[in-house]
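Notes follow once the structure below has been shown.
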Amino acid sequence: MAESITPQSEDFSRWYLDVIREAELAENSPVRGSMVIRPYGYEVWENIQEALNLRFKATGHRNAYFPLFIPMSFLQREAEHVEGFAPELAVVTIGGGKELEEPLVVRPTSETIIGYMYSRWIRSYRDLPLLINQWANVVRWEMRTRPFLRTMEFLWQEGHTAHATAEEALEHTRRMLDVYADFAVNEAAIPVIKGIKSEREKFAGAVASYSIEAMMANGWALQSATSHYLGDNFAKAFDIKFLDEENQVRNCYTTSWGLSTRMVGAVIMTHGDDQGLRLPPRLAPIQVVVVPIWRSEDQRAGVLEYASRVEAALRDAGIRVQMDAREDQTPGFKFNDWEMRGVPVRVEIGPRDMQQNAIVLARRDRPGKEGKTFGVPVEQAAVRTRELLEDIQASLLAQATERRDANTRYVADYETFKAVLDSEGGFLKVHWAGTSEDEARIQEETRASLRCLPLESTEGQGRCFLTGALTDRVAIFARAY
RNA sequence: CGGGGUGUGGCGCAGUCUGGUAGCGCGCAGCGUUUGGGACGCUGAAGUCAGAGGUUCAAGUCCUCUCACCCCGACCA
C-alpha cells in the first residue's frame, strides 16, 4: 500500500494536512474555513480541557457561560478593541425574519459582554478578585484558514478576572501565563518561551499582552496561549467599579487569557513525524493499544483471553487502553495504523508471549525493533507500561526542547538575520531597540515577525541588530503561523 | 480582493485535444484462505461526469454563462 502521508521534508504543510486526515482528527466542513473536529481530535481537546480546568480551579477560578451574541455597541465602547476586531467580525442583522434594531456580533472574544456583567456584579472590594473562566466557541472572519491553527470558528477557554489594584491584576496576568507554560511543558510536552508581546502584536484593548511561543518541527513559531493585562481600559469602558475599604469609588483592573484548539495543532506539529502523529501520553485519548496475534484458529481464543486480561490489568491501573481485536486486519497493518494515530505504547501479544507469561512493549517515539521490549513479565504489565508512558512523555519533551534550542540563534546584525532566516529558519534572537515601524518593515522584508520579548534572557546588554543602539532588551523573531 | 489551479462512484485519478457502450487504483459488502511490521483470491454494490443553457442524429468530451473548492499573497488565537 502506498504511503499516504507526505514526508515532512518534502512539504510540511501537506504533511500536516495529511496527518489530520489520516489520523481522523478533523475534516474540512461544507462551510469554507470551518472544520469538523472528529471524535479522536475532540478527545485530545477534552484532555486539554481537563488538564486546564484542574489548574484553573486550583488557582481559584470558576467556570461560567456568557452569550454568543454581543450587541454591536458593546464592542464600540473600547476604541482600540473595536478597531482591532472590526475586520474579522461576523454580524447578525436579521433575526426571526426581521431586521434587528441593533446588530449582534458573533463573539470574537468576550471582554465586552463579560465587562458589562462584571459592572453589575461588583460593588465592593469584598467582591474582588472576581475570577471566572468560560469554555466557548468564538468566530473570527479569517481570510486564510488551516485546520486547528486558524479556523473561522474555534473552541477555546477565556478567563476574565477583575482586581482591586493594577499590581494584583498584572500579577494575575503573569500567574496565568505560568499556568499555560506549566500546561504546555508538563502535559503537551511542548517547551515554550514566555514573553511579552510588542506594541504591534498585543491584544486590541490591552495594556500588555503576554504569550507562550512554541517552535514547530519546521522551525516556525506558534503562539500557543496569551494572557492580557487590560489595566482599567475595560473597567472604564464598562464602568466596572467598586467601593474600597475607605468607601472610595475606584476602577477595577482586569485581565483576560486564552488557549484554543490551536493547541491541538501545536501538539501535531511539535511531535509528529513521517509516520504520522505522536501524542504525548498525558494528552493521548488512547495511551496503549493491545494487539493480539495468532497464527492458527485454535490459538485465537487463548490469545484473546490472555490479551483481555492484560487489557483489564492496564485499565485497572488507570491507563487509557484499547484492544484492537479486528479480525479483518493483519497485525502489521494495525502496528502501522496505530503508529500513524500517535498512540504512545503498543502491547503485542502472541502465542510465544503467552507461553512465556510475557508481553511485548513497543514505544511510538522510537521506530521499529529499537523501540520494542520483549519478554516483559505479564504480572509487571501495568507497572512497566506506566513507567514507559512517563518515559515517553519526558522523551518527547526532551526531543522538542533539543530541536528548539538547536534552532534558536543569536544574530547581531540585519544582514546575518536575513541570511540565517533563509538558510536555517527557526528562532532568531536579537538585541532590540527598534520601533513599531522598524518591526513592520522587518516583517515586510523577511516575513518574520517579532514573536515576543522573552521574560527570561541571559544576553545582558548589547547593540540593537537593526539600529545599533545599546539596549538590554532582547527579542525573538521568527516566521509564524 | 489580486495571481494560479481543480471539479468524473466514498477517496485518488484516467478519459476531454480528435464527440459514438463511463473506466482504473484504493476503499466498501459477501465468501474462502490468511494473520509476529501495511495479506490474497473470487464475487458484488456504488456515477444526474459541479450546475444551467446551447451546438449535434449523438456531449464527460465542443461553445456560453454560473457556482464551488484548493494553492500562493495582503489580515490573524
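None of the values given here were measured: they were computed from a predicted structure. A note on names: the letters A, B, ... follow the listed sequences, proteins ahead of strands, and every chain is numbered from 1.
Considering only heavy atoms from C-beta on, A:Val192 stays 4.5 Å or farther from A:Glu213 through its side chain. The side-chain heavy atoms of A:Val207 and A:His228, taken from C-beta on, include no pair separated by under 4.5 Å. A:Met215 has its side chain out of reach of A:Trp220: every pair of non-hydrogen atoms, C-beta onward, lies at least 4.5 Å apart.
Atom C1' of nucleotide B:U35 and atom CH2 of A:Trp294 are separated by 8 Å, given to the nearest angstrom. As rounded to whole Å, 13 Å separates atom P of B:C70 from atom CD of A:Glu27. Per the geometry, CD belonging to A:Gln355 stands 18 Å off P belonging to B:G36, to the nearest Å. Here B:U35 presents its P atom at 18 Å from CG of A:Asn336, a figure rounded to the nearest Å. Atoms CZ (A:Arg352) and C1' (B:G37) sit 13 Å apart, rounded to a whole Å. Rounded to whole Å, atom C1' of B:C40 lies 17 Å from atom CD of A:Glu327. For the pair A:Lys334 NZ and B:A39 P, the computed distance is 11 Å after rounding to whole Å. Between A:Gln329 atom CD and B:C40 atom P there is a gap of 12 Å when expressed in whole angstrom units.
B:A22 is unpaired under the criterion used here, namely a Watson-Crick or G-U wobble arrangement in which both key atom distances are under 3.5 Å. The base-pairing partner of B:G32, taking Watson-Crick or G-U wobble contacts with both distances under 3.5 Å, is B:C40. Nucleotide B:G7 forms a Watson-Crick or G-U wobble pair with B:C67, both donor-acceptor distances falling under 3.5 Å. Shown here, B:C1 forms a base pair with B:G73; the pair counts as Watson-Crick or G-U wobble because both key distances fall under 3.5 Å. The partner of B:C62 is B:G54, by the rule that a Watson-Crick or G-U pair needs both atom distances under 3.5 Å. Within the shown strands, nothing qualifies as a pairing partner of B:U48 under the Watson-Crick or G-U definition with both distances less than 3.5 Å. In a base pair of the Watson-Crick type (N1 to N3 plus N6-O4 or O6-N4) or a G-U wobble (N1-O2 and O6-N3), with each distance short of 3.5 Å, B:G27 is matched with no nucleotide.
In this structure, A:Tyr481 reaches neither bases nor backbone, as no heavy-atom distance under 4.0 Å exists between it and the strands shown. Residue A:Ser256 is classed as having no contact, given no heavy-atom separation below 4.0 Å to the nucleic acid. In this structure, A:Arg346 reaches the bases: a heavy-atom distance under 4.0 Å links it to at least one base atom across the strands shown. Residue contacts shown for A:Glu348 include a base, since a base heavy atom lies under 4.0 Å away. Within the nucleic acid shown, A:Arg140 comes within 4.0 Å of at least one base atom, counting heavy atoms only. No contact: A:Gly258 has no heavy atom under 4.0 Å from any strand. Counting non-hydrogen atoms under 4.0 angstrom, A:Leu149 reaches a base of the nucleic acid.
Contact annotation: A:Arg32 does not reach the phosphate of B:C69 (side-chain N/O to OP1 or OP2, under 4.0 Å).
Atom name P, nucleotides B:A50 and B:U8: the rounded distance is 6 Å, in whole Å. A distance of about 33 Å separates the C1' atoms of B:C24 and B:U64, rounded to the whole Å. A distance of about 15 Å separates the C1' atoms of B:A14 and B:C26, rounded to the whole Å. Spacing of C1' atoms, B:A58 relative to B:G20, comes out at 7 Å, to the nearest Å. When the C1' atom is compared between B:U66 and B:G7, the two are found 14 Å apart, to the nearest whole Å. Annotation: B:G60 and B:U21 have their C1' atoms spaced 14 Å apart (nearest Å). Distance check on atom P: B:C13 versus B:C71 gives 14 Å, rounded to whole Å. Taking atom C1' on both nucleotides, B:G44 is separated from B:G27 by 14 Å, rounded to a whole Å.
Stacking of the aromatic ring of A:Phe154 onto the base of B:A77 is found: the ring centres lie under 5.5 Å apart and the planes are inclined by under 30°.
Side chains of A:Ser256 and A:Glu111: a donor-acceptor N/O pair is present below 3.5 angstrom, by distance only. For the residue pair A:Glu158/A:Gln134, the side-chain donor-acceptor check at 3.5 Å is satisfied.
A search for salt bridge (charged side-chain N to carboxylate O under 4.0 Å, His left out) contacts involving A:Glu327 returns A:Arg300, not counting sequence neighbours. Residues that satisfy the salt bridge (charged side-chain N to carboxylate O under 4.0 Å, His left out) test with A:Lys202, not counting sequence neighbours, are A:Glu80, A:Glu199. Residues passing the side chain to side chain donor-acceptor pair (under 3.5 Å) test with A:Glu22, sequence neighbours excluded: A:Ser4.
For the atom pair A:Phe74 CZ and A:Leu104 CG, the distance stands at 10.0 Å (nearest 0.5 Å). Between the OG atom of A:Ser211 and the CD atom of A:Glu201 there is a distance of 9.0 Å, given to the nearest 0.5 Å. A:Glu46 contributes atom CD, which lies 6.5 Å from atom CD of A:Gln49 (distance to the nearest 0.5 angstrom).
RNA chain B lies under 4.0 Å from at least one heavy atom of each of the following residues of residues 259-271 of chain A: A:Ser260, A:Arg262. For the segment residues 359-374 of chain A, the set of residues with a heavy atom within less than 4.0 Å of an atom of RNA chain B comprises A:Val360, A:Lys372, in numerical order.
If you check distances only, the side chain of A:Glu339 does reach the base of B:G37 with a donor-acceptor pair under 3.5 Å.
The side chain of A:Asp353 has B:G36 as its nearest neighbour among B:G36, B:C71, B:U35. Residue A:Glu142 has its side chain nearest to B:C75 when only B:C75, B:A39, B:U35 are considered. Listed candidates were B:G73, B:G38, B:A77. Nearest to the side chain of A:Phe333 is B:G38.
Along RNA chain B, the nucleotide closest to A:Arg451 and the one closest to A:Asn28 are compared, and the more 5′ of them pairs with A:Asn28. Nearer to the 5' terminus of RNA chain B, by closest-nucleotide assignment, is the contact made by A:Gly332 (compared with the other of A:Gly332 and A:Thr151).
Here the rule is ring-ring contact (aromatic ring centres under 6.0 Å, His included) with A:Trp135, and of A:Phe66, A:Trp45, A:Phe154, A:Tyr65 only A:Trp45 fits it.
Listed by first then second residue, pairs satisfying ring pair (Phe, Tyr, Trp, His ring centres under 6.0 Å) with a partner in residues 14-41 of chain A read A:Phe12-A:Trp15, not counting sequence neighbours.
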